[in-house]
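Okay, so here's the structure we're looking at.
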Amino acid sequence: MSSLISELNPEQFEAVTLPHQSALVLAGAGSGKTRVLTTRIAYLIQSGQVSPHGILAVTFTNKAAKEMLIRIASMLPIDTRGMWVGTFHGLCNRMLRAHHQDAGLPQAFQILDSADQLAVIKRLLKVLDADDEKFPPRQVQWFINNAKEEGLRASQVEIYDDFARKMVEFYLFYEQQCNKEGVVDFAELLLRSYELLTRNEHLREHYRGRFDHILVDEFQDTNRLQYKWLKLLAGNRAAVFAVGDDDQSIYAFRGANTGNMKDFERDFHISKIIKLEQNYRSHGNILDAANTLIRNNSGRLGKNLWTSEGHGEPIRVYNAPTDFDEASFIVDEVKSLRAEGVVLSQIALLYRSNAQSRVLEHALFNASLAYRVYGGMRFFERQEIKHALAYLRLMANPEDDNALLRIINFPVRGIGMRSLEQLQDEAKRQGGSLWAAMQQKYGNDAAFIPNSGDQAPIRLESNQRLDKPRKGVEGFAVLIESMRQVCEKLPLPEAVEHMLEHSGLVAHYRAEREGADRLENLNELINAATGFVHEAEDDSLTAFLSHASLEAGEHQAGSGQDALQLMTVHSAKGLEFHSVFLSGLEEGLFPHDNSRNEAGGVEEERRLMYVALTRARRRLYLSFAQSRMLHGQTRYNIPSRFLHEIPDSLLKWLQPMQKATIRNEDWGRGRQGSGRVIQEPGVQARTSNIRDSTASQWRIGQNVMHAKFGAGVIVNCEGHGADARVEVRFGRIGTKWLLLEYAKLTPA
DNA sequence: TGTATGTTAGTTTTT
DNA sequence: CTAACATACA
């Protein structure tokens, strides 16, 4: 026991050993948040205050949940598999599976991921003959999810105009369709579970009696519904231990509600907030930069990171003429870092939006530096995997129209629009699923399924193709039903293999020119099933399908080789690196243009910046480019306001290497007025102070100052003499056309 | 039914 | 500029 808690600092110790009461722990970046959370769980169990059974710990990502379980297992000699540790969605799924009848769901209900959900909505809008100009499917999806995350059913949504009326109508149809098919989307998992506990007093009391301690990770990311769910589950008995950091709330755009922290204080009568402010990750300068920056936000709960380590190196800032130069600067620095002995996997290249990775990748590729981009297509989202899963889903739950439509003619088996329309009409007439309509049309199971009942299972040798004798819709129905019968009796991996072979998927991709990768992925699906059977408590097909929906899998097969890490700032949250390059620090990019109009948008961007800064342990580079190719156009941006929010004393402005291509413009020096130009070996001073004022004082890309609007950059020029006008992009105001004769512009 | 061309949008993302 | 999506055509 003492070994568990002996190495904690006083605040961590207090948090870990808190008696049975609800608490809010404000855990700064790198302050040992996960450690506190898992150590508390171990402490509670080891000290006999609670059994593993009485704990519920919830996180947002599968990765975090897995990490938590691993750490608990390393501290305690217990089997963690039965513990209620998981994501909100995972735990809700678990609850709904256990009480599917009470929740009004079929036993094998399937989970729709976002893409599936969108497909259902598109289908529905088509059936309703909705104008997809006025009602884009994505917006309908957004509306429905938003409503659900507010805890509202279609019948409960307030209708304030015709548009909302239409949206609610779609929502209602969508609800009915999902119920008919026995499918639930992500938000539905939460909402169903919430409603189940609300309505069913018996169950509510059961779970309230069971969970003495509820622990919540990344509490600042909870949405309204998740908060209500927690509150409902906790009742007035459980101790809720919420850990979070309001300064790292970067998901408001998807419903995260920082207000939950303040509500939590009130609703759970939190008398004292424990703050973890000692940072074990970064050197002082980095923390000072982050602290100063975030102080510009209002309504913070308040927190200041500190370290017992020294100041460390200054933060390096680089002002590049173009995005291309910025990339090559990064490449050069990475090379010298590597020469100093920093491994590539400890270096991160961060950017605000994915589009920015392109120019970086290009430069890295040319320099033959190994890199890995995060955030691409994930395993269970791949087309071929989606197809395979659709077969499995249809076998598990034939009412799943979405799955059926995906594969009824894939691989092609001669089912065209006409047969499909007939089927859909029939389904509409019956008010049932497509599968049901199929049976109606082609007779019931017994009539068209060979070898059903108690006879020996169909023998499926590789030379015997089931889909050969019967074509079209009937053939498809026979195929699915016979595969279902066979797979029922097989262990999961073999069932998957059987399906892959007999569905024709393998043959299809084998015939395809570019199908090798897809075949490999299909093979990997069998491996995934094998792995799942070994790890999971429940190794049924339904459980595997839930797993596939809830856990889309690692982004890419980690090649394992040492490589640079490229990712958005969002995906870097929770990670740390020896060295971090943050590129594209420009107004319009970071903070992003689209955030400027949103309420609290810039503050969220600032929190994002805060997250970015605090990823670095030892060395931090900030860079921006004066011109950048975006959407096929060259954009001229001014440096990000965030750069100006970091004290000069922490920064070291690097100078570009002198190259033959350097243009004689006013780049290559530090921020105006800073006067802090520090030379370092290998880096030369700015090219020249001499400006050719006669030729073109005002040129595109020129930085200027305006008395009223402040710093800007010229993005366009036209006219001559008294008519001469320039278009200037200012940070906050946007772009303006100014007559040179009147606007008092000065070069900056 | 698949290809070919045109159109349009283009933050962040986990479940 | 590109990639994804949609509509048009063979």
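Note that this is a predicted model, so its numbers are computed, not measured. Throughout, protein chains are lettered first and strands after them, A, B, ... in sequence-line order, and every chain is numbered starting at 1.
For A:F135, the ring pair (Phe, Tyr, Trp, His ring centres under 6.0 Å) test picks out A:F163, A:F170, with sequence neighbours left out. The side chain to side chain donor-acceptor pair (under 3.5 Å) search around A:E524 returns A:N527, not counting sequence neighbours. Scanning for ring pair (Phe, Tyr, Trp, His ring centres under 6.0 Å) contacts around A:F642 gives A:F590, with sequence neighbours left out. Considering only residues two or more places apart in sequence or on other chains, A:Y391 meets the ring pair (Phe, Tyr, Trp, His ring centres under 6.0 Å) condition with none of them. Not counting sequence neighbours, the partners of A:F532 by the ring pair (Phe, Tyr, Trp, His ring centres under 6.0 Å) test are A:F544, A:H547. Take A:S114 and apply the side chain to side chain donor-acceptor pair (under 3.5 Å) test, not counting sequence neighbours, and it matches no residue. Under the rule for a side chain to side chain donor-acceptor pair (under 3.5 Å), the partners of A:N257 that lie at least two apart in sequence or sit in another chain are A:N260. Under the rule for a side chain to side chain donor-acceptor pair (under 3.5 Å), the partners of A:N145 that lie at least two apart in sequence or sit in another chain are A:Q117.
Reading DNA chain C from its 5' end, the first and the last nucleotide to sit under 4.0 Å from a heavy atom of chain A are C:dC1 to C:dA3.
For DNA chain B, the neighbouring residues in residues 246-254 of chain A, judged by any heavy atom under 4.0 Å, are A:Y251, A:F253, A:R254.
Screening residues 137-148 of chain A for salt bridge (charged side-chain N to carboxylate O under 4.0 Å, His left out) gives A:K148-A:D185, A:K148-A:E188 as the qualifying pairs, with residues at least two apart or on separate chains.
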When you compare the protein's N or O atoms with those of nucleotides 4-9 of chain B, which come within less than 3.5 Å of each other, and at what distance?
none

